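Since the model is a prediction, treat every value here as computed from it, not as a measurement. Here is how names work: the chains are called A, B, and so on, in the same order as the sequence lines, proteins then strands, and each is numbered from 1. Every heavy atom of this structure was used, including side-chain atoms; hydrogens, water molecules and symmetry mates were not.
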Protein chains: 2
Amino acid sequence: MTDSTKSRERGADKRRRLTAAAARVLHQQGVERTTIADIAHAADVPVGNVYYYFKTKDELVQAALAEHSGYLAELTGELDRLPDPLGRLKALVGTWVGQRDVAARYGCPTGTLAVELDKRAEGDMDLEAGRLIRSLLDWVERQFRELGLPDPGGLAIALVGAYQGMSLLANALRDPEIMTREGNRLTRWLDALPDGAAGHPNP
Amino acid sequence: MTDSTKSRERGADKRRRLTAAAARVLHQQGVERTTIADIAHAADVPVGNVYYYFKTKDELVQAALAEHSGYLAELTGELDRLPDPLGRLKALVGTWVGQRDVAARYGCPTGTLAVELDKRAEGDMDLEAGRLIRSLLDWVERQFRELGLPDPGGLAIALVGAYQGMSLLANALRDPEIMTREGNRLTRWLDALPDGAAGHPNP
DNA sequence: GTCTATATCCAGATAGAC
DNA sequence: GTCTATCTGGATATAGAC
């Protein structure tokens, strides 16, 4: 292994650490209140060095978005290994409930990012957050379609919307139990769906 | 009318204008990105004069919260004049759908404020946003209780959560039609509720 | 490639003239 | 009560030494 290879690997490692720290800290503190120094500290990288890897703060936000996108791809990839679509959707709800504590403290990472980026003037990063949410919606819609239910797109909006809503309420009221109770409700709803209750899946 | 009375009225008027402008601009631009100057300009008040009425930016945020709180009280007060609880809830959904364009552009004022204030370190204003949401939840819960439905608190979380979720999705995807479609779904759900479908009101 | 020192900018807040 | 001029702090970003 040459020196330049080692250097490149260390460089890539720092970049990875910065990306992971950005995703974590931006979620916890919010985009506007997080400074480059905060992220550098969390990643254990000297503050001034950050600009070698990311030319602007916006690039760090982009990297955080990509990180969340990768997490979502990983999650749906695992769920896809389950045999039936209904089981996949119920496992998705289970994942949400499993993250109830972080949701109650900081909200859904994707949802809060979308809200914050919508207010941010620069670039069209709000649209990128929209794309991330859209890709979750698409995956959910595919499951409903496989189940042969009518209006799978509408059902996807209902399910993902319920998730965003319960995350926001759990966060605003600082009560993780809201996630548990609403999760149970969603699971019951999913179970009842194929038997013909598809007419009024809401709220 | 004395001079001091006129003065007081003009002063109160400026304060009112600043409060209204704060509620509007903070919703549109977000708390962190909005400067005192932005609010002063929107209220047509000289920038340096703001500090006579509000000693800190936080006080302006508080005033905006109070403004939203007043709006909510006014809305529920009008709805309370409707004869039956089901009609009140359906009218509430209708109000939400009626605001679909502003929701798709800027999100639900209360919800986005709650998300932003949660990230804001200073004070416990996040809890105040929680109280505002809680007061809406309480009013909704009262309607469900009057209808004699089981678990009115859970139903309130489901309905308000659905509203927050559909607002966030409409905003992230910039699509007001999401509000229309989800509103229809909620109305159908409400209509079906008293007839015994109360078992699975979700998502 | 790494890091320090610093330039630049801008928002919040204040002092004090009118 | 009203408004201007200014202070101050903090954050992004850059220049350049190592």
May I ask you to decide whether [X] forms a salt bridge with [Y], counting only side-chain N to carboxylate O separations under 4.0 Å?
| X | Y | value |
| --- | --- | --- |
| Asp58(B) | Arg120(B) | yes |
| Glu78(B) | Arg81(B) | no |
| Arg17(A) | Asp13(A) | yes |
| Glu146(A) | Arg88(A) | yes |

(request) Could you tell me whether the phosphate oxygens of dG1(D), OP1 or OP2, come under 4.0 Å of any side-chain nitrogen or oxygen in Tyr53(B)? (result)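 Result: no.
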Measure [atom1]/[X] against [atom2]/[N] and give the value in whole Å, please.
| X | N | atom1 | atom2 | answer |
| --- | --- | --- | --- | --- |
| Asp38(B) | dG12(C) | CG | C1' | 13 Å |
| Asp58(B) | dA11(C) | CG | P | 17 Å |
| Ile36(B) | dG12(C) | CD1 | P | 5 Å |
| Lys55(B) | dG1(D) | NZ | P | 13 Å |
| Arg15(B) | dT2(D) | CZ | P | 12 Å |
| Leu60(A) | dA11(D) | CG | C1' | 14 Å |

(message) Heavy atoms from C-beta onward define the side chain here; which of dT2(C), dA13(C), dT14(D) lies closest to that of Tyr51(A)?
(response)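 Selected nucleotide (nearest to the side chain): dT14(D).
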I'd like a list of close polar pairs between nucleotides 3-8 of chain D and the protein, N/O only, cut-off under 3.5 Å.
unit_1, atom_1, unit_2, atom_2, d
dC3(D), OP2, Lys14(B), NZ, 3.1
dC3(D), OP2, Asn49(B), ND2, 3.0

Output side-chain donor-acceptor pairs under 3.5 Å for residues 35-48 of chain B, partner residues at least two apart or in another chain, one line each.
unit_1, atom_1, unit_2, atom_2, d
Thr35(B), OG1, Ala37(B), N, 3.4
Thr35(B), OG1, Asp38(B), N, 3.0
Thr35(B), OG1, Asp38(B), OD2, 3.3
Asp38(B), OD2, Thr35(B), N, 3.1

(request) Go through residues 18-29 of chain B and report each residue with a non-hydrogen atom lying under 4.0 Å from DNA chain D, sorted by number. (result) none
(request) Tell me, please, whether Phe54(A) has Arg15(A) positioned over its six-membered ring: NZ or CZ under 6.0 Å from the ring centre and within 45 degrees of its axis? (result)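 Positive - Arg15(A) is close enough to the ring of Phe54(A) and near enough to its axis.
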(message) Does the plane of the ring in Tyr106(B) sit parallel, tilted or perpendicular to the ring in His27(B)? Use 30° and 60° as the thresholds.
(response)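 Ring orientation, 0 to 90° scale: perpendicular.
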(message) Show, in sequence, the C-alpha distance, side-chain angles and deciding distance for Val140(B) and Arg145(B), and conclude whether the side chain to side chain contact (heavy atoms under 4.5 Å, CB included) test is met.
(response) CA-CA 9 Å; Val140(B) 171; Arg145(B) 182 171 292 118; over 6 Å; no
